[in-house]
Peer 1: 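Attaching a single structure in structure tokens format; questions to follow.
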Amino acid sequence: VQLQASGGGLVQAGGSLRLSCAASGLAFSISTIGWFCQAPGKEREFVAGLSPSGGITDYADSVKGRFAITRSDGKNTMYLQMDSLKPEDTAVYFCAAAQWSWGARSTSYKYWGQGTQVTVSS
């Protein structure tokens, strides 16, 4: 199983980024997917999760109304649309996937991407 995250970069506060994560070797359509972030010196934190059907979403309070997690099962790809970015959103963002699991803990996910850096300048 491989998860390949991309789309990170440097953006000014108030700007937007769209992260992508392409999955291979995984029954993607029946997988729970999620995004986590890790800032320097901090633990990895849950950002967003999406159920296999796409009908259930969960977001960290800090990103509600600003970020949106979506999926394209036909492309085996997940996305994180990040709008109204703030300097405190600066972190490495990781995509994750799991089957028969759901939750906001990193232990709920079995498969992880390599991370993509998001830097928001003030």
Side-chain angles (χ1 to χ4, degrees):
V1 175
Q2 286 191 333
L3 299 178
Q4 183 70 41
S6 62
L10 173 64
V11 64
Q12 289 187 333
S16 299
L17 281 175
R18 189 194 194 202
L19 306 184
S20 299
C21 179
S24 60
L26 175 71
F28 187 78
S29 64
I30 62 170
S31 298
T32 296
I33 58 174
W35 290 92
F36 288 73
C37 70
Q38 187 167 18
K42 294 187 177 181
E43 295 185 352
R44 192 168 298 188
E45 298 179 345
F46 174 77
V47 175
L50 182 60
S51 66
S53 65
I56 302 174
T57 57
D58 191 18
Y59 293 94
D61 288 342
S62 60
V63 306
K64 283 181 180 177
R66 300 190 298 122
F67 291 10
I69 183 172
T70 57
R71 64 191 300 155
S72 171
D73 290 343
K75 295 181 179 180
N76 284 1
T77 302
M78 66 179 85
Y79 305 96
L80 184 68
Q81 179 66 40
M82 311 166 70
D83 297 323
S84 302
L85 282 161
K86 304 175 181 180
E88 50 264 43
D89 296 321
T90 295
V92 177
Y93 283 74
F94 298 88
C95 54
Q99 293 175 1
W100 315 117
S101 182
W102 176 257
R105 296 182 178 181
S106 59
T107 52
S108 298
Y109 295 83
K110 182 176 181 180
Y111 306 107
W112 291 86
Q114 84 289 2
T116 185
Q117 176 70 47
V118 171
T119 303
V120 184
S121 63
S122 58

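Positions are given from 1, in the same order as the sequence printed here.
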Peer 1: Under the side-chain contact (heavy atoms from CB on, under 4.5 Å) rule, what do Thr116 and Ser6 come out as? Steps first, then yes or no, please.
Peer 2: CA-CA 6 Å; Thr116 185; Ser6 62; 5.6 Å; no
Peer 1: Can you tell me which residue among Phe94, Phe46, Phe36 is in a side chain to side chain contact (heavy atoms under 4.5 Å, CB included) with Ser106?
Peer 2: Phe36
Peer 1: Hey, does Val11 have a side-chain heavy atom less than 4.5 Å from the side chain of Ser121?
Peer 2: no
Peer 1: Are Tyr59 and Leu85 in one and the same hydrophobic cluster, where Ile, Leu, Val, Met, Phe, Trp and Tyr link if side-chain heavy atoms are under 4.5 Å apart?
Peer 2: yes
Peer 1: Suppose we screen for ring-ring contact (aromatic ring centres under 6.0 Å, His included). Which residues come up paired with Tyr111, at least two apart in sequence or across chains?
Peer 2: none
Peer 1: Okay, side chain of Gln114, backbone of Ala5: is any donor-acceptor separation there less than 3.5 Å?
Peer 2: yes
Peer 1: Please report the closest heavy-atom contact between Gln38 and Lys42, naming both atoms and the distance.
Peer 2: NE2-O, 3.1 Å
Peer 1: Could you tell me whether Lys86 and Asp89 make a salt bridge, using a distance below 4.0 angstrom between a side-chain N and a carboxylate O?
Peer 2: no
Peer 1: Following the transitive rule for hydrophobic clusters with a side-chain heavy-atom cut-off under 4.5 Å over Ile, Leu, Val, Met, Phe, Trp and Tyr, establish whether Met78 and Val92 coincide in one cluster.
Peer 2: no
Peer 1: Go through the structure and list residues passing side-chain contact (heavy atoms from CB on, under 4.5 Å) with Thr70, not counting sequence neighbours.
Peer 2: Tyr79
Peer 1: Which distance, rounded to the nearest 0.5 Å, do you find between the OH of Tyr109 and the CG of Leu3?
Peer 2: 12.0 Å
Peer 1: For Gly34 versus Ile69, what's the shortest heavy-atom pair and its separation?
Peer 2: CA-CD1, 4.1 Å
Peer 1: Report yes if the side chains of Leu26 and Asn76 come closer than 4.5 Å at any heavy-atom pair, otherwise no.
Peer 2: no
Peer 1: Same cluster or not: Leu80 versus Trp112, using hydrophobic residues (I, L, V, M, F, W, Y) connected whenever any side-chain heavy atoms lie under 4.5 Å apart?
Peer 2: no
Peer 1: Evaluate whether atom CD of Gln2 has more than 12 neighbouring non-hydrogen atoms of other residues, nucleotides or ligands under 6.0 angstrom away.
Peer 2: no
